Structure formats: C-alpha cells, structure tokens
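One structure is given here, and the rest of the page talks about it.
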Amino acid sequence: MNQPVRGAAVLDAPTRNRRYLSPRNRIVIALAFCLLSTALFMTVNISGNLGFVLELRGRKVAAMILVGWGTGLATVAFQSVTNNRLLTPSIMGLDALYIFIQSLLVLLLGTSLVGQVGTYPMFFLNVGLMLLVASALTATLFGKRSRSVYVVVLAGLVLGAVLRSLSSLIARMLDPSSFLLLQDSMFASFTMVNPELLGLCAVIVVLASWYLFSMRATLDVLTLGKDAAVSLGVPYQRTVRRVLLVSTLLVAVSTALVGPITFLGLIVAAVAYQISGTGRHAATLPMAGLLGVAVLVGGQTILEQLLGQATALSVVIEFVGGIAFIWLVIRKAST
C-alpha cells in the first residue's frame with residue numbers, strides 16, 4: 001500500500017499557490033505602502049501655514065515619485081538587457097558626467113553666471129549630454145561590428161573614472177564659494193527641486209515607462225540571452241539599443257531633476273526580484289518602481305520627522321547601496 005509523502009511534497013499546486021501571495025497582490029501591497037508613506041510625509045508634524053507647507057511637501061513627494069519610479073524601471077530594464085543583476089545605468093558613467101558638467105560650468109561661468117543659464121537650458125544640457133554619451137556607447141556596441149554588451153559597461157566604467165578624476169581636478173581649482181556651490185550639486189536633494197521641471201519630467205517618465213512596460217514580454221525573452229532571443233524572432237540589436245536609450249533617458253531625467261543617486265536602482269531592483277514572486281517583467285517592473293518610491297518617501301519621512309534631517313537621504317542610500325553591492329558580488333561569486 002502506497003504511503004502518503006509527508007512535508008511540502010504532499011501539497012498540490014493549488015494548495016501551494018494559496019500559501020503565497022500572487023504577484024498582483026504583492027504589487028498592491030507595495031502600492032499601499034507607498035500611499036501610506038506619502039500620507040505620513042504629508043501630514044506628520046504639520047504646522048504653520050498649511051498651504052505653504054503642503055505645497056512644499058507636495059513638491060518633494062512629486063520629485064521622489066518621479067525619481068523612484070523612473071530609476072526602478074530603468075534599472076530592471078537595463079539589467080535585463082545586459083543579463084546581469086549587478087549593473088545599473090549609472091555604471092555607464094552618467095552620474096560622473098553630471099558632476100563633471102556642473103564642475104565645468106562653475107569653473108567657466110562662475111557662481112553668478114551659472115544661475116543665469118536658465119532652468120530649461122540647464123536641464124536639456126544635462127539630459128542631452130547624458131543621452132549623447134549613451135548614444136555613443138550604444139553606437140560602439142551596435143556598429144558595423146557586433147560587440148558584447150559588456151563593452152558598453154566597460155566603456156562606461158572607464159568614462160566614469162576619467163570624469164570623476166577631471167571633476168576632482170576642477171574642484172581643486174575653485175575658490176571656496178564656487179566649491180560650496182559645486183558641492184551642493186554632488187548629492188541628490190529633494191528640498192531644492194525646481195517646480196518648473198516637474199511637469200516636463202512627469203511627461204518624460206510616463207512616456208518612457210509606457211514604452212518599457214509595453215516591452216515587458218520582449219524583456220522576458222531577452223533575459224534568456226542573445227541566441228535564444230534571436231531564435232525566437234526578437235530583433236536583438238535594435239531592441240537592446242532602444243531599451244538602453246530609454247533606460248538612460250529615465251536616469252538622466254532623474255539625475256538632472258534632483259542630482260545623482262548611484263545605488264538606488266541597484267537596491268530596489270534586487271529587492272524587487274526577491275519579493276515579486278515571479279521573474280516576469282509584468283511584475284518586476286512595477287514592483288521596482290513602487291519600491292523606489294517607497295524607499296525615497298519613507299526614508300525622507302524618517303530623516304525629516306524622526307532624525308531632524310541629520311543627513312541627506314542620498315548619503316544613506318549610497319552607504320546601504322555600497323554594502324548591498326558587495327553582498328551581491330559575494331553572493332554571485334559563491335553560486
């Protein structure tokens with residue numbers, strides 16, 4: 001007589017599925033956490049002129065939503081294209097390029113003339129140069145001679161190292177007042193967000209997010225590798241080039257809006273893969289975006305309301321992200 005098997009093996013598929021939340025329910029929970037974090041940020045310790053305070057906090061929340069959502073989606077899409085979960089769009093040197101642009105402008109124009117450049121010209125200058133660099137890297141990758149995706153990553157690492165060295169050299173040449181102005185742009189800040197840019201950034205983030213989400217099935221195929229994707233009918237070079245540019249656009253817009261946050265995407269993408277319950281991009285893309293929003297809004301709430309703005313949120317994220325990156329490297333090396 002056959003004996004029933006004990007343990008988890010006796011569970012049929014429907015029973016096992018009932019034990020765990022579906023990916024859709026997990027996304028709903030993440031969305032609820034984002035809404036809760038936003039409500040707490042908008043209402044905790046509110047006093048004084050309510051109209052002014054709500055407007056100021058609303059501006060911060062809008063910036064954090066755009067940056068968190070855009071960075072999360074861009075990182076997941078970028079990692080799917082490169083087929084490596086240790087990489088982020090910032091690896092391509094975008095953060096270093098942003099800091100170099102600011103350093104060069106302060107050196108050439110001075111503290112008084114930098115403010116006269118204008119909000120939109122400065123924004124399009126930053127975003128345009130980042131996209132130009134990304135286009136040059138992807139052209140190197142997908143030119144007449146096909147090259148590995150890691151050529152782009154290696155080129156980005158080298159470019160980032162060179163630009164950081166040049167930025168450090170320029171910083172040593174500045175007077176103290178100019179250096180203080182430059183130092184403010186080296187770290188992401190949600191307190192000095194220009195409200196004129198929020199609408200434009202929102203349009204760009206929505207359109208780019210729609211494109212990436214429309215490519216969710218193709219991204220699922222790209223995670224199988226180049227050979228499998230080509231055999232399944234995916235126009236590999238054209239698709240990868242477009243996804244890289246759209247991912248770069250999201251990171252460039254986020255960086256130009258608030259400043260560089262290198263490891264935010266790495267953190268939220270790593271967590272999104274773990275808690276999505278599936279590897280499909282229909283779940284991982286929105287999960288990473290929502291986690292990005294939750295990390296920024298929740299972290300800013302804790303820093304402002306509980307710790308009295310003891311430090312900048314970007315500093316905490318860089319510290320935690322650096323530890324997470326080392327842990328991911330060690331974990332991958334041990335597998």
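All heavy atoms count here, side chains included; hydrogens, waters and symmetry mates do not. Please read all numbers here as calculations on a predicted model, not as lab measurements.
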Donor-acceptor pair, [X] side chain versus [Y] backbone, under 3.5 Å?
X	Y	answer
D220	H281	yes
Y120	E196	yes
R59	L56	no

**Request:** Please lay out, stage by stage, how V61 and Q300 fare under the test side chain to side chain contact (heavy atoms under 4.5 Å, CB included).
**Result:** CA-CA 9 Å; V61 167; Q300 193 70 20; over 6 Å; no

Could you measure the distance from the [atom1] atom of [X] to the [atom2] atom of [Y]? Nearest 0.5 Å is fine.
X	Y	atom1	atom2	answer
Y98	I101	OH	CD1	9.0 Å
S165	I170	OG	CD1	11.0 Å
D95	S167	CG	OG	11.5 Å
K60	T301	NZ	OG1	10.0 Å
L290	R26	CG	CZ	14.5 Å
N194	M122	CG	CE	11.0 Å

Determine, using the 4.5 Å side-chain heavy-atom cutoff (strictly less than), whether [X] and [Y] are members of one ILVMFWY cluster.
X	Y	answer
V81	L232	yes
L207	L131	no
V127	F124	yes
L125	L104	yes
L54	F41	yes

Considering all heavy atoms, the nearest [X]-[Y] contact:
X	Y	value
S254	V67	OG-CA, 3.8 Å
L296	G68	CD1-N, 3.5 Å
S209	W69	OG-NE1, 2.9 Å
P23	A283	CB-CB, 4.0 Å
V258	A63	CG1-CB, 4.2 Å
A202	L66	CA-CD2, 3.6 Å

Check: [Y] and [X] side chains under 4.5 Å, non-hydrogen atoms:
X	Y	value
L198	L257	yes
V293	M64	no
Y236	L222	yes
T71	L250	no
Y273	V76	yes
L219	L285	yes
T75	L266	no
D227	S231	no

**Complete:** Only one of T239, V234, V230 passes side chain to side chain contact (heavy atoms under 4.5 Å, CB included) with V221, and that residue is V234

**Message:** side chain to side chain contact (heavy atoms under 4.5 Å, CB included) for I204 and L249? Distances and angles first, verdict last.
**Reply:** CA-CA 8 Å; I204 297 175; L249 176 62; 3.8 Å; yes

**Asked** Excluding sequence neighbours, so at least two apart, what forms side chain to side chain contact (heavy atoms under 4.5 Å, CB included) with I275?
**Response** V271, M287, L291

**Fill in**
The side chain to side chain contact (heavy atoms under 4.5 Å, CB included) partners of Y211 (sequence neighbours excluded) come to S214, M215, R242, V246

**Request:** Please step through side chain to side chain contact (heavy atoms under 4.5 Å, CB included) for the pair F123 and V253, ending with a clear verdict.
**Result:** CA-CA 8 Å; F123 176 81; V253 168; 4.3 Å; yes

**Request:** Might you work through the side chain to side chain contact (heavy atoms under 4.5 Å, CB included) test for V251 and S247, ending with a clear yes or no?
**Result:** CA-CA 6 Å; V251 175; S247 301; 5.8 Å; no

**Message:** Are more than 12 heavy atoms, taken from residues, nucleotides or ligands other than R216, located less than 6.0 Å from that residue's CZ atom?
**Reply:** yes

